[in-house]
Amino acid sequence: MNDTTVLLVGHGSRNPAGNAEIERFAAQWRARRPGWRIEVCFIEYADVLLDAGLDRAAHNARRVITLPFILNAAGHVKMELPAAIERARQRHRGVHFACARHLGMGREILGVLASQLDRLMAELHHPDPRTTGVILLGRGSSDAGANGELAKLARWLFEDSDHDLVDLAFTSITWPRLESVVQRQVRLGMSQIAVVPVYLFSGVLMDRINAQLIRLRQQYPDIAFALGGAFGFDAGVFDLVDARALGAGATEGGLLECDGCKYRLAAEAEHLHDHSHTHTGHGHDHHHHTHA
């Protein structure tokens, strides 16, 4: 890794505190890996976006490993990141660009969520899994495969626990929403509900979730709610980014499984959009875009 830069690519948040958390994560990762050169950029809502981040990473490097610091591989990871890397390859002919797999929602993240659920159960006065519903709450995407990854986690968590109900809800883009799932679980007899946000870091949507829980506690005064938080600084996440970066550095693969795919290339003209506005303060709410 001596001649390699690892570029941590965050989604970016309209809440500056969310981006600051990713910068703090990178600082802690550098402390864990003092021999590595680790840079940070964002896809939107930040000063350093993909093109500038890739240029910074390529400076005085022979290899750049981009690591999508994102749970779901939706449009940003499948199309915008490969397109940006291809542009960087044209600008930096002597640098080898590879891409690690995004964090995903595999067994590593399941372990992080299971630990968070254990902490939430300990907060409840009657930690009985048979009467405590669980709701995994994700961002939501217009990419059905990305939403299906959250459904997979919910199923795994159900099979690995004694909870009678493990459901999923989404904060934006798609349905069901949190309020509808809470209503269903109450009707099915749950007396306690543990809400587990599947979010790496705080941001605008985490603020919205906290406001939702205030309203739900008022609406259902007889139900005990426990709300988790973002989990990006969990030790399991640091272990996962280590594994992703080392795996990409050990292979000669170029990018993602869809790199060079004619279907991705055909879709770019339809779905790629310019994020350059996001650091000027002139952008609008882009919830209609696909979010990773």
Using a 4.5 Å cut-off on heavy atoms from C-beta on, say whether the side chain of His163 contacts that of Met190.
no

Are Phe42 and Phe69 an aromatic pair by the rule of ring centers under 6.0 Å?
no

Apply side chain to side chain contact (heavy atoms under 4.5 Å, CB included) to residues Val48 and Arg56 and explain how you reach the verdict.
CA-CA 10 Å; Val48 182; Arg56 180 181 298 182; 3.6 Å; yes

Using a 4.5 Å cut-off on heavy atoms from C-beta on, say whether the side chain of Ile135 contacts that of Val182.
yes

Do Val204 and Ile43 share a hydrophobic cluster, counting only Ile, Leu, Val, Met, Phe, Trp and Tyr and linking them when any side-chain heavy atoms are less than 4.5 Å apart?
no

With distance as the sole test, does Glu21 use its side chain to make a donor-acceptor pair with the main-chain N or O of Ser202 at under 3.5 Å?
yes

When you group the ILVMFWY residues by side-chain heavy-atom contacts below 4.5 Å and let the links chain together, are Leu246 and Ile109 in the same group?
yes

With side chain to side chain contact (heavy atoms under 4.5 Å, CB included) as the criterion, how do Leu227 and Asn210 come out once you've worked through the C-alpha distance, each side chain's angles and the decisive distance to 0.1 Å?
CA-CA 8 Å; Leu227 173 64; Asn210 285 304; 3.3 Å; yes

Rounded to the nearest 0.5 Å, what's the gap from CG on Leu67 to NE2 on His102? Could you check?
11.0 Å

Hey, are Glu159 and Arg155 close enough for a salt bridge, meaning a charged N less than 4.0 Å from a carboxylate O?
yes

Atom CG of Asp167 and atom CZ of Arg184: how far apart are they, to the nearest 0.5 Å?
4.5 Å

Donor-acceptor pair, distance only, cut-off 3.5 Å: does the side chain of Arg63 make one with the backbone of Val95?
no

Any donor-acceptor N/O pair, Ser180 side chain to Pro176 backbone, under 3.5 Å:
no

Within the supplied structure, the quantity of interest is the number of heavy atoms (other residues, nucleotides, ligands) at a distance under 6.0 Å from Arg217 CZ; does it exceed 12?
yes

Atom CZ of Arg187: over 12 foreign heavy atoms under 6.0 Å:
no

Which atoms form the tightest heavy-atom contact between Ala194 and Leu120, and what is the distance?
CB-CD1, 4.2 Å

Hey, mind stepping through Cys41 and Leu7 against side chain to side chain contact (heavy atoms under 4.5 Å, CB included) and telling me if it holds?
CA-CA 7 Å; Cys41 74; Leu7 179 62; 3.9 Å; yes

With Asp239, which residues qualify under salt bridge (Lys or Arg N to Asp or Glu O under 4.0 Å), at least two apart?
Arg32

Heavy-atom nearest pair, Phe170 first then Leu150, reads CE2-CD2, 3.6 Å

Suppose we screen for ring pair (Phe, Tyr, Trp, His ring centres under 6.0 Å). Which residues come up paired with Phe158, at least two apart in sequence or across chains?
none

Distance-only, no hydrogens or angles: does the Thr174 side chain make a donor-acceptor pair with backbone N or O of Asn147 under 3.5 Å?
no

Distance check, rounded to the nearest 0.5 Å: Gln192 atom CD versus Thr131 atom OG1?
5.5 Å

Do Glu86 and Gln90 have side-chain atoms, one donor and one acceptor, less than 3.5 Å apart?
yes

Smallest heavy-atom separation, Ser172 atom then Leu205 atom, equals OG-CD1, 4.2 Å

So, the side chain of His11 versus the backbone of Ile70: is there a donor-acceptor pair under 3.5 Å, distance only?
no

Over all heavy atoms of both residues, which pair between Gly18 and Ser13 is shortest? Give the atoms and the distance, please.
CA-CB, 4.4 Å

Mutual orientation of the aromatic rings belonging to Phe201 and Phe233 [parallel < 30°, tilted 30-60°, perpendicular > 60°]:
perpendicular

Would you say the side chain of Val134 lies within less than 4.5 Å of the side chain of Leu165, judging by non-hydrogen atoms?
no

Salt-bridge contact Asp55-Arg87 (side-chain N to carboxylate O under 4.0 Å)
no

Does Pro127 reach the side chain of Thr132, with side-chain heavy atoms less than 4.5 Å apart?
no

Are there over 12 heavy-atom neighbours, none belonging to Arg62, within less than 6.0 Å of that residue's CZ?
no

Could you tell me how the ring of Trp29 sits relative to the ring of Trp36: parallel (under 30°), tilted (30 to 60°) or perpendicular (over 60°)?
perpendicular

Rounded at 0.5 Å granularity, tell me how far CE in Met206 sits from CG in Leu137.
8.5 Å

Is the shortest side-chain heavy-atom distance between Glu179 and Gln212 below 4.5 Å?
yes

If every non-hydrogen atom of Pro68 is compared with every non-hydrogen atom of Leu81, which pair is closest and at what distance?
CG-CD2, 3.5 Å

Without swapping roles, check the side chain of Gln116 against the backbone of Gly229 for a donor-acceptor pair under 3.5 Å.
yes

Arg30 side chain vs Ile38 backbone, donor-acceptor pair below 3.5 Å
yes

Taking all atoms of both residues into account, what is the closest heavy-atom pair of Asp143 and Gly145, and its distance?
OD1-N, 2.9 Å

Between Leu110 and Leu157, does a side chain to side chain contact (heavy atoms under 4.5 Å, CB included) hold up when you go through it step by step?
CA-CA 7 Å; Leu110 176 67; Leu157 196 57; 4.1 Å; yes

Is it true that a side-chain atom of Asn19 and a backbone atom of Tyr45 form a donor plus acceptor pair closer than 3.5 Å?
yes

Is the backbone N or O of Leu103 less than 3.5 Å from a side-chain atom of Arg244, with the two atoms forming a donor-acceptor pair by type?
yes

Are side-chain heavy atoms of Phe25 and Val40 found at a separation under 4.5 Å?
no

Could you state the interatomic distance from CD1 (Ile173) to CZ (Arg139), rounded to the nearest 0.5 Å?
9.0 Å

Rounded to the nearest 0.5 angstrom, the CD1-CG distance for Ile193 and Leu216 is 8.0 Å

Hey, any chance Met105 and Phe238 share a hydrophobic cluster, counting ILVMFWY side chains that come within less than 4.5 Å of each other, even indirectly?
yes

With Tyr220 via ring pair (Phe, Tyr, Trp, His ring centres under 6.0 Å) - residues at least two apart
none

Within the 4.5 Å heavy-atom criterion, are Leu178 and Leu213 side-chain neighbours or not?
yes

Under 3.5 Å, side chain of Thr171 to main-chain N/O of Gly138, donor-acceptor pair present?
yes

